[in-house]
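Reviewing the structure listed below.
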Amino acid sequence: MSSLQSSREDFRSGFIALIGRPNVGKSTLVNKLVGKKVAITSPIAQTTRNRLRVILTTPKAQIIFVDAPGIHKPHHLLGERLVQSSKNLIGEVDSILLMFEGCKPPGRGDAFIVQLLAQQSIPVLIALNKWDLVSKDQAQNRLNEYRNLIEQHIWPIYCCSAVNGEGCEILTKNIINFLPFGPCLYPSNITSDQSEEIFLSELIREQVLLNTREEIPHSVAVSIDRIEEMPIKNKSSNIKRTAILATIFVEKKSQKSILIGKGGSMLKIIGKGARSQMKKIMNVPIYLELFVKVLPNWRSRSARLSELGYKAK
Ligand code: GDP
Ligand code: MG
């Protein structure tokens with residue numbers, strides 16, 4: 001399809017960065033827009049560590065969303081790399097989808113991002129997400145608060161809900177209108193540029209984020225050690241299952257004990273959750289074995305960060 005489409009003069013394509021404070025729903029929105037899970041999400045800020053490209057191909061356009069880590073004040077070297085990566089991103093895309101949490105009034109973090117973008121000449125669209133949580137009475141007021149936040153900038157505002165899909169179709173249409181004319185940049189059948197290995201490790205990290213409290217989430221990195229296809233025993237059919245061995249790295253011994261839990265109970269919950277997500281997405285039976293290792297201060301050690309895939313780019 002791409003060669004036919006790419007020769008059409010009215011086809012649009014381009015990169016749009018998702019920019020916004022952590023937790024505004026960037027990853028949830030790209031999943032909704034492409035209609036399947038490609039980015040992990042959680043109620044905990046800073047879920048997204050790696051830059052992820054999510055690709056939506058329609059008969060009229062190909063939108064490449066770049067889901068960057070949220071912009072926030074850095075506390076660790078990891079945090080600094082995340083912020084730097086978001087700032088660099090602004091210079092590398094065709095337009096910006098600036099996201100706010102419409103269910104809350106604008107905060108200082110939002111003003112910081114508006115200032116950052118105001119210094120660039122790049123086109124900006126605004127998504128006021130979580131609109132499902134805004135009552136009819138509040139709506140007009142809230143919209144005005146965000147209009148005031150962006151001051152004189154002519155940035156169109158779209159209210160949407162990444163959870164129930166409200167406003168998402170209009171948003172997609174308008175994003176397409178913001179893109180330059182051009183051919184498909186990725187094959188039309190792919191939805192993300194993420195390797196299977198990274199995606200699997202992200203699904204495990206997502207379960208850690210969902211099941212543990214404060215002191216654990218940001219201290220966790222996951223590496224996939226082995227992926228293997230194994231025939232299922234005692235079955236005459238040739239169904240295979242995929243065996244995945246992975247290691248969860250934490251910074252302290254105490255964190256390791258929390259992650260393993262009493263008699264391995266926590267690790268079991270994490271494993272069960274990750275396995276069920278993997279099975280659903282990959283559509284094959286999964287055998288998953290998890291190990292937990294302590295890697296002191298991995299977040300502050302540059303070489304380790306690169307090894308675990310958090311590039312300074
Ligand atoms: P990110 O850090 O910006 O990528 O945010 P996530 O996509 O990980 O979402 C953070 C949290 O907000 C998750 O618990 C999502 O389920 C929730 N969320 C995202 N979008 C919406 C929305 O439109 N409505 C509601 N009610 N919750 C949302
Ligand atoms: Mg995210």
Side-chain angles (χ1 to χ4, degrees), residues 16-54 56 64-75 78-79 81-83 85-86 89 96-107 109-110 112-113 116-117 125-136 138-139 142-143 146 157-172 191-194 198-199 201-214 217-218 220-222 273 277 309-310:
I16 181 159
L18 291 153
I19 301 272
R21 278 188 302 104
N23 224 26
V24 296
K26 299 180 289 298
S27 302
T28 312
L29 185 70
V30 285
N31 287 340
K32 190 73 185 180
L33 296 181
V34 299
K36 69 184 208 187
K37 180 162 181 157
V38 273
I40 67 158
T41 63
S42 94
I44 294 154
Q46 299 170 47
T47 300
T48 307
R49 278 191 189 148
N50 294 297
R51 259 197 223 175
L52 167 69
R53 287 175 184 182
V54 177
L56 172 63
I64 300 139
F65 294 97
V66 190
D67 180 17
I71 296 179
H72 64 103
K73 239 175 116 202
H75 294 296
L78 172 61
R81 285 203 182 173
L82 297 184
V83 175
S85 147
S86 295
L89 184 60
I96 304 271
L97 180 60
L98 173 55
M99 283 184 69
F100 297 123
E101 232 170 344
C103 60
K104 292 180 187 160
D110 298 319
F112 171 75
I113 296 173
L116 198 77
L117 293 181
L125 283 103
I126 293 179
L128 268 191
N129 191 34
K130 307 201 183 182
W131 207 244
D132 54 304
L133 302 176
V134 180
S135 71
K136 274 195 180 143
Q138 282 177 316
R142 188 52 47 79
L143 202 54
Y146 279 94
I157 301 182
Y158 302 96
C159 305
C160 64
S161 166
V163 165
N164 69 18
E166 174 196 349
C168 288
E169 209 173 304
I170 295 175
L171 180 63
T172 304
T191 49
S192 114
D193 71 339
Q194 191 170 229
I198 299 252
F199 185 49
S201 70
E202 287 288 272
L203 289 176
I204 297 168
R205 200 165 63 84
E206 180 176 52
Q207 291 302 316
V208 174
L209 296 176
L210 290 171
N211 291 294
T212 60
R213 285 172 198 258
E214 284 287 301
H218 306 311
V220 160
V222 178
Q277 284 286 323
Y310 306 118

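All ligand and atom numbering here is 1-based and tracks the order in the structure. Treat the numbers as computed from the prediction; the structure is a model and nothing was measured.
Polar contact check, Lys26 against ligand 1: a nitrogen or oxygen pair lies under 3.5 Å apart. Residue contacts with ligand 1: Cys160 is placed with no nitrogen or oxygen under 3.5 Å of a nitrogen or oxygen of the ligand (distance criterion only).
In terms of heavy-atom proximity, Trp131 sits nearest to Glu166 at CD1-OE2, 3.5 Å.
Side chain of Asn129 to main chain of Met99: no donor-acceptor pair is present (N/O by atom type, distance under 3.5 Å, no hydrogens or angles). A donor-acceptor distance shorter than 3.5 angstrom exists from the side chain of Arg142 to the backbone of Gly102, with no hydrogens or angles considered. Asp110 contributes a side-chain N or O that, together with a main-chain N or O of Gly107, makes up a donor-acceptor pair within less than 3.5 Å. When atom types are taken as modelled, the side chain of Lys26 and the backbone of Arg21 share a donor-acceptor pair closer than 3.5 angstrom.
In this structure, the separation between OH on Tyr158 and CD on Glu169 is 14.0 Å, given to the nearest 0.5 Å.
If you number the atoms of ligand 1 from 1 as listed, the ones under 4.0 Å from a heavy atom of Ser27 come out as 4 (O), 7 (O). Per-residue contacts place Ala162 under 4.0 angstrom from the following atoms of ligand 1 (heavy atoms of the residue considered): 20 (N), 22 (C), 23 (O).
The distance from the Mg ion (ligand 2) to the nearest N/O/S atom of Asn23 is not under 2.8 Å.
Within the set Val30, Asp132, Asn129, the minimum heavy-atom distance to atom 24 (N) of ligand 1 is found for Asp132. Considering each of Thr28, Leu128, Leu133, the one bringing a non-hydrogen atom nearest atom 16 (O) of ligand 1 is Thr28. The residue from Leu209, Val163, Val134 that puts a heavy atom closest to atom 21 (C) of ligand 1 is Val163. The residue from Asn23, Leu29, Leu18 that puts a heavy atom closest to atom 10 (C) of ligand 1 is Asn23.
The local environment of CG in Leu133 is crowded, with over 12 non-hydrogen atoms from other residues, nucleotides or ligands closer than 6.0 Å.
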